[in-house]
Amino acid sequence: MKTIKLGIVGQRTEYCFHSLILRALSSVTNQTDLHKVHSLIVVSGQHQSTFFCGKLISKYSQFKDPVSSLSIFRINSPTHNVYLWNTIIRAMTHNGLWSKALDFYTQMRKLNVKPDNYTFPSIINSCGSLLDLEMVKIVHNDVLEMGFGSDLYICNALIDMYSRMNELGRAREVFDKMPSRDVVSWNSLVSGYSANGYWEEALEAFREGRLSGVAADAFTVSSVLPACGGLMEVEQGQMVHGLVEKSGIKGDIAVSNGLLSMYFKFERLLDCQRIFDEMIFRDIVTWNIIICGFSHSGLYQESIKLFREMVYEYEPDLLTVTSVLQACGHMGDLRFGRYVHDYILENRYECDTTACNIIINMYARCGDLVAARQVFDNMKRWDLVSWNSMISGYFENGFNKEAVVLLKMMRIDLQPDSVTFVTLLSMCTMLMDVDFARELHCDIIKRGYDSTLIVGNALLDVYAKCGKMEHSVWQFEIMSTRDIVTWNTVIAACSHYEESYVGLKMLSRMRMEGIMPDVATILGSLPLCSLLAAKRQGKELHGFIIRLNLESQVPVGNALIEMYSKTGSLKNAILVFEHMRIKDVVTWTAMISAYGMYGEGKKALRSFQQMKETGTVPDHIVFVAVIYACSHSGLVQDGRACFNQMRKKYNIEPRIEHYACMVDLLSRSGLLVEAEDFILSMPLQPDASMWGSLLSACRASGDTGTAECVVERLVELNSDDPGYNVLASNVYASLGKWDQVRTIRKSLKARGLRKDPGCSWIEICNRVFIFGTGDRSFQQFKQVNELIEDLNRTMDKEGYVADLKFVLHDVGEDEKINLLYGHSERLAIAFGLLNTKEGSPLQVMKNLRVCGDCHTWTKYVSKIVQREILVRDANRFHLFKDGTCSCRDRWIGAVVDFRRDAKLLRTSVSGQGYFKFLAVDHHVLDV
DNA sequence: CTAGGGTTAG
């Protein structure tokens with residue numbers, strides 16, 4: 001200040017002073033200093049100078065003080081030249097006062113001040129930020145009229161502006177017409193595509209730029225990285241990463257952040273870790289990316305930990321707190337969620353719609369709908385996400401009424417979108433409300449959302465889960481695009497409805513379309529293999545499991561054990577079991593029931609013992625498996641002990657399926673009186689399955705007296721299950737009481753009930769051959785029949801006598817023997833013998849139980865031809881070897897599989913489902 | 001004149 005008082009005389013002094021102020025201006029770092037320099041200029045009488053005014057306007061705008069910029073501009077109004085106009089326009093634009101900037105542009109045009117090439121970039125920027133298409137037209141026109149159409153800076157600004165307005169066509173047009181382009185032109189184009197989600201185009205422009213010889217800089221890279229991430233183009237992303245490593249832009253924060261963000265999208269957490277560690281400079285964006293990235297990868301604890309770590313160094317911004325709130329929501333950590341929300345309120349963060357949506361979601365996930373609603377009600381503006389989040393929050397927490405009310409309110413100012421419909425459809429699935437789903441479906445079609453993938457998937461799911469398989473299949477077929485979720489949904493539905501053949505067909509169709517299975521596919525498909533005994537597909541899925549590194553997942557291992565045990569390979573089931581490092585109660589149950597199916601009761605019991613020793617607490621289902629295993633191996637004492645232990649030691653009240661197992665156990669062991677006493681003394685109402693078990697046992701042991709009493713009990717129950725009716729009818733038939741047989745058959749017919757026809761199938765060279773009872777229509781019928789007759793002659797000599805009590809028709813003796821020949825398992829076995837190498841083992845599947853005579857017959861065959869024959873019937877496996885069977889002739893049992901009642905063993909075979917493909921196909925299936 | 005980070009649903 002003192003220097004000024006010394007007096008300023010003459011040109012030279014003035015000049016010195018001029019440069020002094022200039023130097024002072026450029027070294028100003030805060031607003032206070034700026035005010036000092038400003039006073040200096042005023043005191044020195046230089047405040048009329050256009051040059052200093054411009055400088056001051058820019059400086060004030062740098063320090064976010066547009067008011068001062070404006071007042072300086074106004075004071076100087078007489079001397080306005082284009083330079084000053086440009087400065088004020090730039091200042092306004094810089095401070096986000098875009099309409100003010102445009103006002104000044106209009107004013108200067110009115111005053112006939114001619115804009116120059118420095119005027120337009122700011123003006124264009126303001127138009128773009130305001131999304132004012134009218135103004136854009138005027139300005140673009142002015143640019144062309146004044147001959148700036150080829151100006152590099154102006155064109156770059158135009159590209160950027162059109163990009164912001166999502167007018168990529170126009171952006172491209174400007175770009176293409178440019179006589180010469182620099183790296184900014186390319187960057188503006190790439191970032192325009194990228195920011196608007198045109199990822200393929202962004203990558204394409206990036207490649208074009210590289211080909212035309214423009215060296216990519218930090219801007220280029222950080223614009224193209226989101227495109228790589230969005231497209232999940234891992235290799236492309238790594239290529240860009242390589243470029244970064246080679247060039248000098250490695251230390252750029254935005255570039256590193258872009259890489260981090262991309263690798264999070266690829267879920268390559270190790271790469272993220274490495275990039276993060278290598279970063280010398282990090283900023284708040286870096287932290288936000290990793291907090292958000294961890295949260296999206298399901299590492300919610302880590303995300304919260306990082307947040308706590310970060311707040312020591314940085315003050316979190318809106319994006320930080322919303323990122324950590326997502327983690328809170330997923331963890332259900334209401335306490336921390338509230339704490340963060342309070343922090344937001346206390347520090348007066350300006351929450352935009354997205355931030356509010358995230359807070360609503362956090363509260364909804366934590367079940368605090370009151371808090372969620374409060375945030376919702378206090379929002380300034382709502383978008384579709386707000387409504388959808390609030391509505392699905394209500395549904396998820398069972399507030400259906402509130403959700404519906406909100407839905408109606410929503411329709412007043414916004415139309416539902418695909419996500420709204422998906423939310424509503426999944427609610428229908430939850431409530432099994434197929435009528436509402438149909439209504440929604442109409443609305444969906446009206447609004448044209450039926451072609452949307454996620455809506456299609458939701459429709460598929462709701463129809464399948466509500467039992468409308470035809471609707472579901474129809475929906476599937478009309479979908480124009482399908483993704484992995486589509487396939488998984490349809491496969492899971494097939495699995496649920498035991499449409500195993502259709503399910504496996506779907507799996508192979510999916511593979512044909514080049515889609516790789518994931519965990520959900522595998523968990524949906526393995527039960528299909530179990531049902532159909534599709535060995536090859538099962539093994540193929542095991543291959544995928546290994547390739548996808550899913551072996552360590554417990555549910556996958558469990559499904560594998562079940563698959564191998566049900567497709568005939570106890571050995572592989574054991575191998576999988578032994579390789580599992582973590583075993584849960586389902587694992588043990590699967591292994592125990594596998595042993596049970598193969599008649600390895602002792603091993604089943606040993607497994608059960610081991611399970612208890614390793615600390616796994618038994619549940620009610622594992623007891624079903626244990627008693628089942630005992631019953632199939634004749635371990636009456638052990639079975640009884642388990643049954644008693646269940647209540648006494650584990651406090652598990654026996655359910656109907658446990659009683660059924662016990663009746664089966666006693667019946668199979670020939671303890672008919674005890675079985676009857678057991679049924680009569682149990683606290684629950686006996687159902688048809690119990691009398692059925694007992695009756696089968698009576699039949700097998702030839703105890704006609706008891707059978708006659710029991711069959712009456714069974715008939716009294718008047719079960720709708722065709723299996724028990726047929727059993728009763730069979731007993732009457734074997735007693736020769738044909739009148740009763742006819743009565744039952746009539747009543748079955750009247751009620752429209754029919755038993756599945758028997759069928760057997762065998763897989764040879766990856767093809768499945770199916771045989772129905774008395775089937776004559778297959779190609780090799782003649783040879784098969786001859787072979788059967790041949791075998792019968794041989795076994796007759798060895799003492800085989802056909803047991804005609806298994807023929808349940810009122811016909812003559814000869815005819816009865818003929819009927820036995822036609823049993824489907826015999827056809828399948830003979831067909832197998834004809835078409836496979838001598839000495840090789842055979843595996844035959846049957847949808848119903850093997851009949852007693854066929855069981856004996858197969859034992860003879862295994863001895864005559866010296867082959868192992870593995871037969872899976874509705875109940876278990878029978879391994880025939882040299883005249884004996886692994887079931888030790890305990891094949892008798894309930895006609896209908898009682899294990900259906902047990903949840904885990906839901907997928908057991910009962911005969912349903914097979915008939916459907918028999919009707920569709922003939923004898924050969926390509927699965 | 002150009003760049004990087006946040007929301008719902010199957």
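Just so it is clear, the structure is predicted and the values come from calculations on it, not from any experiment. We name chains A, B, ... by the order of the sequence lines, and we start the count at 1 in each one.
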task = Report the relative orientation of the aromatic rings in A:Tyr449 and A:Phe421; use parallel for angles under 30°, tilted for 30 to 60°, perpendicular for over 60°.
result = tilted
key: Ring geometry between A:Trp387 and A:Phe376 (parallel below 30°, tilted from 30 to 60°, perpendicular above 60°)   = perpendicular
task = Among B:dG10, B:dT8, B:dG6, find the nucleotide with the atom closest to the side chain of A:Val419.
result = B:dT8
message = Go through it in stages, so that I can follow the logic: the residues are A:Glu315 and A:Met310, the test is side chain to side chain contact (heavy atoms under 4.5 Å, CB included), and I'd like the CA-CA distance, side-chain angles, deciding distance and then a yes or no.
response = CA-CA 8 Å; A:Glu315 193 181 325; A:Met310 168 207 172; over 6 Å; no
ask   = Between A:His296 and B:dT7, is there a side-chain N or O to OP1/OP2 distance below 4.0 Å?
value = yes
query = How is A:Ala195 classified with respect to the nucleic acid when contacts are heavy atoms under 4.0 Å: base, sugar-phosphate, or nothing?
reply = nothing
query = Has the side chain of A:Ser222 got a donor or acceptor that lies under 3.5 Å from a partner of the other kind on the base of B:dA3?
reply = yes
task = Let me know the distance between CE of A:Met427 and C1' of B:dT8, rounded to the nearest Å.
result = 16 Å
key: Stepwise side chain to side chain contact (heavy atoms under 4.5 Å, CB included) test for A:Met410 and A:Asn388   = CA-CA 9 Å; A:Met410 168 186 182; A:Asn388 291 339; 3.9 Å; yes
message = Mind checking if A:Leu459 touches a base, just sugar-phosphate, or nothing, with heavy atoms under 4.0 Å?
response = nothing
query = Between A:Asp182 (CG) and B:dT2 (C1'), how many Å, whole number?
reply = 9 Å
inquiry  = Taking the minimum atom-to-atom distance to the side chain of A:Tyr153, which one of B:dC1, B:dG10, B:dT7 wins?
reply    = B:dC1
inquiry  = Applying a 4.0 Å non-hydrogen cut-off, can you work out what A:Ile253 is touching in the nucleic acid: base, sugar-phosphate, or nothing?
reply    = base
ask   = Where the side chain of A:Ala355 is defined as all heavy atoms beyond and including C-beta, which of B:dT2, B:dG10, B:dG6 is the nearest nucleotide?
value = B:dG6
query = For A:Val422, which contact category applies under a 4.0 Å heavy-atom criterion: base, sugar-phosphate, or nothing?
reply = sugar-phosphate
Of the listed nucleotides B:dG10, B:dT2, B:dT8, the one nearest the side chain of A:Ser188 = B:dT2
task = Using a heavy-atom cut-off of under 4.0 Å over every strand shown, decide if A:Asp217 touches base, sugar-phosphate, or nothing.
result = nothing
request  = Return the orientation label for the A:Tyr343 and A:Tyr349 ring planes: parallel under 30°, perpendicular over 60°, tilted otherwise.
outcome  = tilted
inquiry  = Using only modelled atom types and a 3.5 angstrom limit, is any donor from either the side chain of A:Asp352 or the base of B:dG6 paired with an acceptor on the other?
reply    = yes
query = How would you label the contact of A:Arg164 with the nucleic acid (heavy atoms, under 4.0 Å): base, sugar-phosphate, or nothing?
reply = sugar-phosphate
ask   = Roughly, in whole Å, what's the span from CZ in A:Phe376 to P in B:dT8?
value = 16 Å
message = What's the closest nucleotide to the side chain of A:Val485 if the choices are B:dC1, B:dG10, B:dG6?
response = B:dG10
key: Selection from B:dG10, B:dT8, B:dC1 that lies nearest to any side-chain heavy atom of A:Asn156   = B:dC1
query = For the pair made of CD in A:Glu396 and C1' in B:dT7, what is the distance, rounded to whole Å?
reply = 16 Å
key: Interatomic distance where CD1 belongs to A:Ile454 and C1' belongs to B:dG10 [whole Å]   = 6 Å
key: Whole-Å distance separating the NZ atom of A:Lys265 from the C1' atom of B:dG6   = 11 Å
ask   = Roughly how many Å is it from CD1 in A:Ile284 to C1' in B:dG6, rounded to a whole number?
value = 12 Å
request  = Check every atom of B:dC1, B:dA9, B:dG10 against the side chain of A:Leu453 and return the nucleotide holding the closest atom.
outcome  = B:dG10
ask   = Should A:Arg365 be listed as having a side-chain N or O under 4.0 Å from OP1 or OP2 of B:dA9?
value = yes
request  = Name the nucleic acid region contacted by A:Leu319, choosing base, sugar-phosphate or nothing; use a 4.0 angstrom heavy-atom cut-off, strictly under.
outcome  = base
message = Using a strict threshold of under 4.0 Å (side-chain N to carboxylate O), is an ion pair present between A:Asp352 and A:Lys380?
response = no
ask   = Quick one: which of B:dG10, B:dA9, B:dA3 gets closest to the side chain of A:Asp461?
value = B:dG10
query = What is the distance, rounded to the nearest whole Å, between atom CG of A:Leu425 and atom P of B:dG10?
reply = 10 Å
message = Students often get this wrong, so: under 4.0 angstrom with heavy atoms, is A:Ser389 touching a base, only sugar-phosphate, or nothing?
response = sugar-phosphate
task = Look at all strands and tell whether A:Leu225 reaches a base, only sugar-phosphate, or nothing, counting heavy atoms closer than 4.0 Å.
result = nothing
Closest to the A:Asp483 side chain, choosing from B:dT2, B:dG10, B:dT7 = B:dG10
query = Among B:dT8, B:dC1, B:dG6, which is the nearest nucleotide to the side chain of A:Asn388?
reply = B:dT8
request  = Under 4.0 Å between any heavy atoms, over every strand shown, what does A:Asn488 touch: base, sugar-phosphate, or nothing? Just pick one.
outcome  = nothing
query = Is the shortest side-chain N/O distance from A:Gln326 to OP1 or OP2 of B:dT7 below 4.0 Å?
reply = yes
message = Taking the six-membered ring of A:Phe336 as reference, does the cationic atom of A:Arg308 (NZ for Lys, CZ for Arg) lie under 6.0 Å from its centre and within 45° of its axis?
response = yes
